[in-house]
Amino acid sequence: MHALRRWWNDTAGGLPATFWYLWAGLLINRAGAFAMLFLSLYLTDVRGASVGLAGTVVGAYGAGGAAGVLLGGVLADRWGRRATLLAAHLVTAGLMVTLAFSRPLLLIAVLSALIGVVHSMPSPAFVAAIVDVVPAERRSRAFNLQFWAFNLGMAVASLLAGVLAEASFTALFLVDAGATLTAAAVIGWKVPETLRAATPTIELQPAAHSAPEPTRPRRPGLHTALTDRTFLVFVGLTFVLAVLTMQTSTIMPLAMSADGLGPSAYGSVVALGGALIVVGQLFVPRLIDRHRKDVVLAASTALLALGFGVLAVADELAVYLGAAAVWTVGSMLAAPPNAQINADLAPPQLRARYQSVFYLTFPAAAFVAPTLGGVSLQHLGDRHWLIVGGLGLVAAIGHLLAGPSRERHVAALRRADEQKPTTRAKDRAPIA
């Protein structure tokens, strides 16, 4: 019993009540977000679209997602986290119901793009709200639980989607809308606004001429994140991590097919990764909390590099499964420090905007991984995996080199935040 209590304290102890309501909303959101997983199949089997047209519509959904991430970040810093989350969930539900009864392919394409926007808007708001309410010393476990909830929700969504799609695609969209409304109800009922009303700050821009002139004040905004060198280095390293991770859903199926392994074998590899995350992610905090974040990220990225590098000699399912176990452990270890560093690097008044720039790495990787990876696999064959592994090792070294200066930057931000008065004293939710 003592060991169980200690594990619980290390994994989930001391987190605010508001975090758990955000966590529940995220879990419901991901568990119900299954309709778009079957969008291409719906278009070809039910609406009679060609494979090419279906791919274009799915691409419109992805393009909308990239725009939605940025829009969600800006709105979460301006409107507030709660308002952005509620607006995104309510609009998503309405669009999903409309999509369920839409017939013209052009209308479906427009709706898919709009759903891509509102589906992605909550991501920066969710994370910014978690940072708002969770003390810095507990954020690692909070982000670990967030990653776990996201993957658990996706696993549930995959199972439900298959069952509902067999019964009715209309039901698929309507149940998705219902789950989205449920998540909105949890957020609207239990999650207060977490955005602090902070004293405005300005950025000083150099004068346009060499003659002495007063500097012009410029309000912080999205451009601040896009010109923050320390942050952009970290985003670049995360982009490499995302490109490696995207290999599993883009290039690896092609490699397995070339080795004579069918869809069921690919499904086994994917299922193994999901099972490891669901079972093992809750034990990650005890493994990493005593280590520097840059060292953990270097080690986790090296594991990803090793796992994908092994595929250069893989030709049997057992080897693919072993490699998947290695890179999945790497992903599990990387999730908490990756999210925590991203949160630490953001000035409090720009948290959601920084999150939106950070989250752009994933749609960018979803484009780069298959585009360049397909050409690489076609012309280089198994040597493609050596390049992927080498890229991961370079990123691992990059984390070690960038870590010390990154920590100094974070310390400076914390000192500045502590010295800045705010107009609201109540910044934390009660501890549950």
Side-chain angles (χ1 to χ4, degrees), residues 21-22 24-43 46-47 49 54 56-129 150 153-154 156-157 160-161 164-165 167-193 352 356 359 363:
Y21 293 119
L22 286 166
L26 175 63
L27 179 61
I28 297 169
N29 175 288
R30 298 320 306 170
F34 41 61
M36 305 310 283
L37 297 175
F38 280 70
L39 179 61
S40 58
L41 186 62
Y42 169 71
L43 290 168
V46 179
R47 299 272 71 90
T56 301
V57 175
V58 174
Y61 171 78
V69 164
L70 291 177
L71 178 61
V74 172
L75 292 180
D77 279 338
R78 289 186 176 179
W79 286 2
R81 318 331 186 184
R82 183 176 184 271
T84 301
L85 288 171
L86 288 175
H89 282 77
L90 293 174
V91 174
T92 296
L95 290 173
M96 198 64 70
V97 171
T98 305
L99 182 61
F101 298 104
S102 297
R103 298 295 178 262
L105 290 174
L106 179 59
L107 176 59
I108 292 174
V110 172
L111 289 171
S112 298
L114 293 175
I115 290 173
V117 173
V118 290
H119 258 181
S120 297
M121 283 175 58
S123 295
F126 264 123
V127 177
F150 184 91
M154 289 297 293
V156 173
L160 290 177
L164 287 170
S168 166
F169 275 100
T170 300
L172 187 74
F173 293 118
L174 293 179
V175 173
D176 189 313
T180 304
L181 285 176
T182 302
V186 171
I187 293 167
W189 180 36
K190 287 294 185 180
V191 177
E193 180 52 63
S356 68
Y359 273 98

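On a predicted model such as this, the values are computed, not experimentally measured, just so you know. In what follows, residues are counted from 1 in the order of the sequence shown. We use all heavy atoms of the structure for the numbers below, so side chains are in, but hydrogens, waters and symmetry mates are not.
In Tyr21, the OH atom is not crowded: 12 or fewer heavy atoms of neighbouring residues, nucleotides or ligands sit closer than 6.0 Å.
Each of Thr180, Ile28, Thr182, Val118 was checked for a side-chain contact (heavy atoms from CB on, under 4.5 Å) with His89, and the lone residue meeting it is Thr180.
With rounding to the nearest 0.5 Å, the separation of CE in Met96 from CZ in Phe101 is 13.0 Å. For the atom pair CG of Asp176 and CG of Leu95, the computed distance is 11.5 Å after rounding to the nearest 0.5 Å. Atoms CG and CG, from Leu27 and Leu22 in turn, are 12.5 Å apart once rounded to the nearest 0.5 Å.
Contact record, Gly25 with Val186: N-CG1, 4.4 Å, taken as the closest heavy-atom pair. Across all their heavy atoms, Gly73 and Ser356 have their closest contact at CA-CB, 3.8 Å. Across all their heavy atoms, Thr170 and Ala100 have their closest contact at OG1-O, 3.9 Å. Minimum heavy-atom separation, Ala177 to Val97: CB-CG2, 3.7 Å. Of all heavy-atom pairs between Ala88 and Pro122, the closest is CB-CG, 3.8 Å. Shown here for Pro192 and Arg82, the closest heavy-atom pair between the two residues is C-CD, 3.8 Å.
When ring centroids are compared, Phe173 and Tyr42 come within the 6.0 Å threshold.
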* Stepwise side chain to side chain contact (heavy atoms under 4.5 Å, CB included) test for Tyr61 and Val57 -> CA-CA 7 Å; Tyr61 171 78; Val57 175; over 6 Å; no
* Asked: What do the steps show when you test Ser112 against Ile108 for side chain to side chain contact (heavy atoms under 4.5 Å, CB included), and what is the final call?
  -> CA-CA 6 Å; Ser112 298; Ile108 292 174; 4.0 Å; yes
* Under the side chain to side chain contact (heavy atoms under 4.5 Å, CB included) rule, what do Met121 and Leu75 come out as? Steps first, then yes or no, please. => CA-CA 9 Å; Met121 283 175 58; Leu75 292 180; 3.7 Å; yes
* Between Asn29 and Phe150, does a side chain to side chain contact (heavy atoms under 4.5 Å, CB included) hold up when you go through it step by step? -> CA-CA 9 Å; Asn29 175 288; Phe150 184 91; over 6 Å; no
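In this structure a side-chain-to-backbone donor-acceptor pair under 3.5 Å is missing from Arg81 to Glu193. The backbone N or O of Ala76 sits less than 3.5 Å from a side-chain atom of Thr84, completing a donor-acceptor pair. In this structure, the side chain of Arg47 does not engage the main chain of Leu105 through any donor-acceptor pair within 3.5 Å. Judged purely by atom type and a 3.5 angstrom limit, Asp77 uses its side chain to pair as donor or acceptor with the backbone of Ala352. When atom types are taken as modelled, the side chain of Ser120 and the backbone of Gly65 share a donor-acceptor pair closer than 3.5 angstrom.
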